[in-house]
Chemist: 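This structure is in structure tokens; I'll ask about it shortly.
Note that the structure is predicted; figures quoted are calculated from it, not measured.
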Amino acid sequence: MKIKDGFMLRTVADSTVVVPYSEAVDFNGMITLNRTGAFIWKQLQTETTRDELIALLIKEYSIDEATAAAGADSFIKRLGEEGFLE
């Protein structure tokens, strides 16, 4: 899975935001991400599997697999519902 082209991740005044940069993207607005959301978004800018993402979360945050999987699944589901994933 991967984030669709047409979005930029930027840091603005200590906040990490996602904004569209292409008219091909059907999204008007801006999304603010917390630290973990920004980490996951960065990983999904290139093709990444669910298992790879979970392993990266475990390594980055020193959490157990169940916690990493629950967080990843929740965020991935939301990204899918909002149309951000290819």
Chemist: Can you list everything that forms a side chain to side chain contact (heavy atoms under 4.5 Å, CB included) with Thr49? Sequence neighbours excluded, please.
Modeler: Asp51, Glu52

Chemist: Checking Glu81 now: which residues fulfil salt bridge (charged side-chain N to carboxylate O under 4.0 Å, His left out) with it, not counting sequence neighbours?
Modeler: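 Once residues adjacent in sequence are excluded, the partners of Glu81 under the salt bridge (charged side-chain N to carboxylate O under 4.0 Å, His left out) criterion are Lys77.
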
Chemist: Please identify each residue that fulfils side chain to side chain contact (heavy atoms under 4.5 Å, CB included) with Leu9, with sequence neighbours left out.
Modeler: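 So Leu9 forms a side chain to side chain contact (heavy atoms under 4.5 Å, CB included) with Thr16, Val18, Leu33, Trp41, Lys42, Gln45.
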
Chemist: Applying ring pair (Phe, Tyr, Trp, His ring centres under 6.0 Å), can you list everything that pairs with Phe39, at least two apart in sequence or on another chain?
Modeler: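 With sequence neighbours excluded, Phe39 shows a ring pair (Phe, Tyr, Trp, His ring centres under 6.0 Å) to Tyr61, given in chain and number order.
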
Chemist: What is the distance from atom CD1 of Ile58 to atom CD1 of Ile63, rounded to the nearest 0.5 Å?
Modeler: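 CD1 of Ile63 is found 6.5 Å from CD1 of Ile58.
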
Chemist: Ignoring hydrogens, what is the shortest heavy-atom contact between Lys2 and Thr46? Give both atom names and the distance.
Modeler: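 Here Lys2 and Thr46 meet closest at CG-C, 4.0 Å.
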
Chemist: Using the rule that two of Ile, Leu, Val, Met, Phe, Trp, Tyr join whenever any of their side-chain heavy atoms come within less than 4.5 Å, decide whether Ile54 and Ile40 are in one cluster.
Modeler: no

Chemist: Quick one: closest heavy-atom pair of Leu85 and Gly80, and the distance?
Modeler: CD1-N, 3.9 Å

Chemist: Name all pairs fulfilling the side chain to side chain donor-acceptor pair (under 3.5 Å) condition that reach into residues 67-76, sequence neighbours left out, sorted by first residue then second.
Modeler: Arg50-Asp73, Asp64-Thr67

Chemist: Starting at CG of Asn34, measure out to OG of Ser15 and round the result to the nearest 0.5 Å.
Modeler: 11.0 Å

Chemist: Ignoring hydrogens, what is the shortest heavy-atom contact between Leu53 and Ala72? Give both atom names and the distance.
Modeler: CD2-CB, 4.1 Å

Chemist: Who are the salt bridge (charged side-chain N to carboxylate O under 4.0 Å, His left out) partners of Glu60, not counting sequence neighbours?
Modeler: Arg35

Chemist: Strictly by salt bridge (charged side-chain N to carboxylate O under 4.0 Å, His left out), give each pair with a member in residues 8-19 just once, sequence neighbours left out.
Modeler: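 Those involving residues 8-19 do not exist here.
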
Chemist: How far does CG of Leu44 sit from CZ of Phe75, to the nearest 0.5 angstrom?
Modeler: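 Spacing of CG (Leu44) from CZ (Phe75) equals 7.5 Å.
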
